[in-house]
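Written out below as C-alpha cells is the structure these notes cover.
Quick caveat: nothing in here was measured; it's all calculated off a predicted structure.
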Amino acid sequence: MQSDASTSPRRRSTSCYSDSGDSSCSEPFSECGSDDLSFTPAAAAGIHRLLLSCAAEASEDAISSLMAELESPAPSLDSLRRAAMELRLLAKHNPDNRVRIAKAGGVRPLVKLLSHADPLLQEHGVTALLNLSICDENKATIVEAGAIRPLVQALKSAASPAARENAACALLRLSQLDGAAAAAIGRAGAIPLLVSLLETGGPRGKKDAATALYALCSGARENRQRAVEAGAVRPLLDLMADPESGMVDKAAYVLHSLVGSGEGRAAAVEEGGIPVLVEMVEVGSSRQKEIATLSLLQICEDNAVYRTMVAREGAIPPLVALSQSPSARPKLKTKAESLIEMLRQPRSPSLRARPAAVVAAE
C-alpha cells in the first residue's frame, strides 16, 4: 500500500479480513508474548535439572542466595548470568515465586542489570522483570524501583531481539498499573520505539508493539498525540489493509484509539485511511465491521469535508447492509444508522474542491 494519499490503498477483496476465527466484538488483544527462553538440545540436557527445580516453589533462602550473587561486590560474569537466569526461570514457572522474589527485594538488583554491557545478562534482567510483572501486585514495585527508563532504553538499544521484544511486553504490563504509569512510559520515549518495532519487528514484535501502543494510548490521552507524531498511522493502515499480516484487528483497534483526537483523525485521512476503513465495513469480520464503523463515525463527526470523502468512497451501501444485518448487535446497528444519516446530510458544492488534508478541527 503506497503512502501517497492521492492513490487509493483500498483493496477489493472477496475474502474477509481475519486475525483469528473469533468474530466477536471484544477487544482483540490477548496478553503479550511471554518468556520464550530456549536452548540447543545439548544445553537443554545440561540444565534439565535446573528447569525442574525452578518449576517448583523456591525457598526464601534460595531467593536470597541468588540476590546476594547479583549484589556481590566483585561477581564473575558467569555467576551473574546464572543467578539472573535462575531468577528469570523461577518467576516464569511459578506464580508464588513471583511474589516471593519481589517481597525479598529482588526487583532493584534486576533493574540494575538492564544497563549491564553483557547482552545475555541484560536479556535475563529484562525478561525476569517481565515475568515478575505478570503478577499485578508487583507492578507498582517495579515502577517504584525505577524500571521504566531502563526498560525503554532496552527497547531502544538492547543487542538481543528477544530483550527488545520482552522490554516492550514489560512496558505494556506496567502501563496497565494506572494512567500515571502509562503517561510516564510515554514521557520516557517508548512510543516512537514501539512504532519502529511495529514497522520493522518480527511477527511477535509487531503484535507486542501494537498491544503496548493500544494500552498506552488508552491509558493516557497524551500518548495518542505522541503516537500520531511518531508516525503510527501509516504502519497501522498498512497492517489493516493486509489480511496476511495477522494484525488487522489489533491495528484497527489502535487506530480507533488514535482517531479519538483531532490530530489522529487528520493523520488517518491524510494517509488514505478512509478507503481502508470503508472496505473493512464492507468485507471485514463482525468485529472489524464494528471497529471500522466506530472509527468512521469519529472521523465524520464535526467535519463536513471528511463526511463528503467517506460518502464518495461508497460507505453508505455497506453501512445500510450492516444496519439491516440480523447478526449485527443492536448498538452497532444504531451506530451505523447514525453514520448513514450523517453521510446523507446535504453537502456544500464548495467542499468538492477542498483538499483531503483539511484539518480535523474544521
Side-chain angles (χ1 to χ4, degrees), residues 32-40 42-44 46-47 50-51 54 62-92 98 101-102 104-134 138-139 141-174 184-197 200-202 204-205 208-209 212:
C32 63
S34 60
D35 184 355
D36 293 326
L37 182 64
S38 59
F39 305 94
T40 64
I47 66 162
L50 173 62
L51 289 171
C54 287
I63 291 173
S64 296
S65 176
L66 292 171
M67 290 168 49
E69 287 189 54
L70 291 184
E71 297 181 304
S72 173
S76 68
L77 182 58
D78 285 344
S79 67
L80 283 175
R81 284 177 173 176
R82 183 170 184 84
M85 183 179 70
E86 289 194 37
L87 286 168
R88 169 182 178 173
L89 292 173
L90 287 169
K92 173 180 180 177
R98 295 170 193 146
I101 292 169
V107 172
R108 289 189 183 276
L110 290 169
V111 170
K112 291 180 181 178
L113 296 183
L114 303 189
S115 57
H116 199 282
D118 180 64
L120 182 56
L121 193 55
Q122 187 180 58
E123 180 183 329
H124 287 327
V126 167
T127 314
L129 289 171
L130 164 59
N131 293 339
L132 291 176
S133 71
I134 294 172
N138 288 343
K139 289 182 171 68
T141 302
I142 295 170
V143 170
E144 290 165 4
I148 288 177
R149 288 193 177 277
L151 282 169
V152 171
Q153 186 60 35
L155 175 62
K156 178 180 181 179
S157 60
S160 161
R164 293 194 296 272
E165 292 173 353
N166 289 343
C169 196
L171 289 167
L172 159 66
R173 293 188 185 280
L174 297 182
I185 292 169
R187 288 193 294 269
I191 288 178
L193 302 174
L194 290 168
V195 171
S196 177
L197 185 61
T200 64
R204 183 200 151 186
D208 286 352

Shortest non-hydrogen contact between [X] and [Y], atoms and distance:
X: Leu70; Y: Pro109; answer: CD1-CB, 4.1 Å
X: Gly146; Y: Val111; answer: O-CG1, 4.0 Å
X: Leu155; Y: Ala168; answer: CD1-CB, 3.9 Å
X: Glu69; Y: Ser79; answer: OE1-O, 3.4 Å
X: Val152; Y: Leu193; answer: O-CD1, 3.5 Å
X: Ala145; Y: Val107; answer: CB-CG1, 3.6 Å

Could you state the interatomic distance from [atom1] ([X]) to [atom2] ([Y]), rounded to the nearest 0.5 Å?
X: Leu87; Y: Thr127; atom1: CG; atom2: OG1; result: 12.5 Å
X: Cys169; Y: Leu129; atom1: SG; atom2: CG; result: 12.0 Å
X: Arg81; Y: His116; atom1: CZ; atom2: NE2; result: 9.0 Å
X: His124; Y: Glu86; atom1: NE2; atom2: CD; result: 10.0 Å
X: Ile134; Y: Arg173; atom1: CD1; atom2: CZ; result: 4.5 Å
X: Asn166; Y: Arg88; atom1: CG; atom2: CZ; result: 6.5 Å

Answer whether the closest heavy-atom distance between the side chains of [X] and [Y] falls below 4.5 Å.
X: Thr141; Y: Leu132; result: no
X: Leu172; Y: Asp208; result: no
X: Asp118; Y: Leu80; result: no
X: Leu90; Y: Leu66; result: yes

Just by modelled atom types, is the [Y] backbone N or O under 3.5 Å from a matching donor or acceptor in the [X] side chain?
X: Gln122; Y: Leu114; result: yes
X: Asn138; Y: Arg98; result: yes
X: Lys139; Y: Ser133; result: yes

> What residue pairs, at least two apart or across chains, pass salt bridge (Lys or Arg N to Asp or Glu O under 4.0 Å) with a residue in residues 147-165?
Replying inline: Glu165-Arg204

> Side-chain donor-acceptor pair under 3.5 Å between Gln153 and Ser157, yes or no?
Replying inline: yes

> For Ser160, which residues count as a side chain to side chain donor-acceptor pair (under 3.5 Å) partner, sequence neighbours excluded?
Replying inline: Glu123

